[in-house]
Amino acid sequence: MDKRVALVTGGSRGIGRAIAIALGQDGLFVVVNYTSNEGAAAETLAKIKEAGGDGALARFDVADAAAVDAAVKQIGTEHGRLDVLVNNAGIAIDGLLMRTKKEDWQRTLDVNLSGAFHCCKAASRYLLKAKDGRIINISSVVGEQGNAGQVSYAAAKAGLIGITRTLARELASRAVTVNCVAPGFIETDMTAAHVQGDNREALLKQIPLGRIGAAEDVAEAVRFLVSPKASYITGQVVRVNGGLLM
Ligand code: NAP
């Protein structure tokens, strides 16, 4: 494979889909991961191809270390390389501390944080061989400033910043850069229930740029961090939040 190969976790919908399309447009071969929504994943791949790019689908649960290992090995065997990993797959199970069940805490950590760990570990042997390896972790404004009702999600997203800074140091000698992108409020399935009616008005008042973000706003930051132009940027948290947190 002459093209750089990228794995985008949770690429079937929302932010992951926009990232997958952007990287496809930039000439990368994009492996679109998803866990259940095959139709949406196929639609992402079709959009990549419509835009002149190429890619493949990979169904696995990022929380399942063995499944991640097998999928990454398959990418290595089929394409001979893996240059870019975007850890985007995520879920939010919201609830105030006293109402948060242990199982919900655990699943949120398993998908958002352990999922990224498993993918970094499995991909690292290929990334170290790549000329210009890249890891991008999708964190959140909530990981930096917290949010009442999101204790598990905030812990996972803050943890991603720790993984980012640690791996940025561990992998730097082999020119692999590791960065976080921390979105604010972005209009996707995940936030659909939160950005309606009165809630939307209240949110807009907190955002200096006066709008909810689009998935493409996040994808453009990832596109830049993946490009050769960003080769001297590592260990950073790039905020894409309309000024919500400065
Ligand atoms: P979304 O629309 O709900 O999409 C979530 C994606 O993750 C889907 O592709 C889903 O696959 C995949 N996924 C979920 N669990 C998975 C698992 N166990 N293994 C593999 N894939 C899994 O979410 P989004 O809003 O685009 O969010 C994407 C990322 O950005 C998440 O990490 C989220 O925390 C972060 N983020 C979002 C916002 C926001 O305002 N939207 C703000 C800050 C950070 P299926 O289609 O198969 O279910």
Side-chain angles (χ1 to χ4, degrees), residues 4-11 14-28 30-31 33 62 72 81-90 111-145 153-184 186 213-246:
R4 292 166 85 202
V5 175
L7 169 61
V8 180
T9 69
I15 292 171
R17 169 181 284 182
I19 293 169
I21 294 170
L23 299 188
Q25 284 169 340
D26 284 356
L28 284 84
V30 185
V31 180
N33 157 256
V62 294
V72 169
R81 60 192 290 178
L82 178 58
D83 304 79
V84 174
L85 168 65
V86 182
N87 286 310
N88 164 82
V111 174
N112 295 279
L113 186 61
S114 303
F117 166 76
H118 301 319
C119 290
C120 287
K121 198 168 169 189
S124 63
R125 90 185 75 133
Y126 299 101
L127 295 171
L128 289 170
K129 282 193 220 145
K131 251 175 105 190
D132 225 5
R134 297 277 192 272
I135 298 176
I136 317 290
N137 295 317
I138 306 300
S139 178
S140 167
V141 63
V142 170
E144 289 196 275
Q145 67 172 14
Y153 185 76
K157 292 299 181 183
L160 279 177
I161 297 175
I163 289 184
T164 298
R165 293 188 174 140
T166 298
L167 297 189
R169 292 179 190 279
E170 282 191 24
L171 306 179
S173 65
R174 304 287 283 276
V176 177
T177 67
V178 188
N179 291 289
C180 258
V181 170
I186 308 297
E216 290 72 20
D217 292 318
V218 181
E220 287 307 318
V222 175
R223 185 205 290 273
F224 170 67
L225 289 170
V226 166
S227 79
K229 291 175 187 164
S231 63
Y232 199 55
I233 301 173
T234 198
Q236 303 304 312
V237 179
V238 177
R239 296 172 179 159
V240 182
N241 62 24
L244 177 66
L245 174 69
M246 298 186 189

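Everything numeric in this text was worked out from a predicted model, so none of it was measured.
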Report the distance from atom CG of Asn87 to atom CD1 of Ile138, rounding to the nearest 0.5 Å.
-> 8.5 Å
Answer yes or no: is there a donor N or O on one side and an acceptor on the other, between the side chain of Arg4 and the main chain of Asp132, under 3.5 Å?
-> yes
Does Leu7 reach the side chain of Val84, with side-chain heavy atoms less than 4.5 Å apart?
-> no
Short question: side chain of Arg134, backbone of Leu225 - any donor-acceptor pair under 3.5 Å?
-> yes
Any Cys119 side-chain heavy atom under 4.5 Å of Val62 side chain | yes
Side-chain donor/acceptor of Asp83 to backbone N/O of Gly133, under 3.5 Å | no
The single option from Asn33, Leu23, Thr9 passing side chain to side chain contact (heavy atoms under 4.5 Å, CB included) against Val86 = Leu23
Looking only at heavy atoms, which two atoms of Pro183 and Ile186 are closest? And how far apart?
-> CB-CG1, 3.7 Å
Where Ala219 and Ala22 come nearest, the two heavy atoms and their spacing = CB-CB, 4.3 Å
Residues 153-173 vs side-chain hydrogen bond (donor to acceptor under 3.5 Å, both in side chains), sequence neighbours excluded, gives Asn137-Thr164
Separation of Ser139 OG from Ile161 CD1 (nearest 0.5 Å) = 4.0 Å
Exercise: identify the closest heavy-atom pair between Val237 and Ala182 = CG1-CB, 3.8 Å
Minimum heavy-atom distance Leu160-Cys180, with the two atoms named = O-SG, 3.9 Å
Shortest non-hydrogen separation from Ala20 to Val30 and the atoms involved = O-CG2, 3.6 Å
Pair Val141-Arg239, side chain to side chain contact (heavy atoms under 4.5 Å, CB included): steps then yes or no = CA-CA 8 Å; Val141 63; Arg239 296 172 179 159; over 6 Å; no
The single option from Ile163, Leu127, Ile136, Ile135 that satisfies side chain to side chain contact (heavy atoms under 4.5 Å, CB included) with Val178 is Ile135
Applied to residues 119-129, the side-chain hydrogen bond (donor to acceptor under 3.5 Å, both in side chains) test, sequence neighbours excluded, yields none
Which atom pair, heavy atoms only, marks the closest approach of Asn112 to Ala89?
-> OD1-O, 4.2 Å
Enumerate the residue pairs fulfilling side-chain hydrogen bond (donor to acceptor under 3.5 Å, both in side chains) with a member in residues 213-237, sequence neighbours excluded, ordered by first and then second residue.
-> Gln25-Arg223, Asp26-Arg223, Arg211-Asp217, Glu220-Arg223
Check: Gly235 main-chain N/O paired with Asn179 side-chain donor or acceptor under 3.5 Å = yes
Side chain to side chain contact (heavy atoms under 4.5 Å, CB included) between Val5 and Leu28, worked out = CA-CA 6 Å; Val5 175; Leu28 284 84; over 6 Å; no
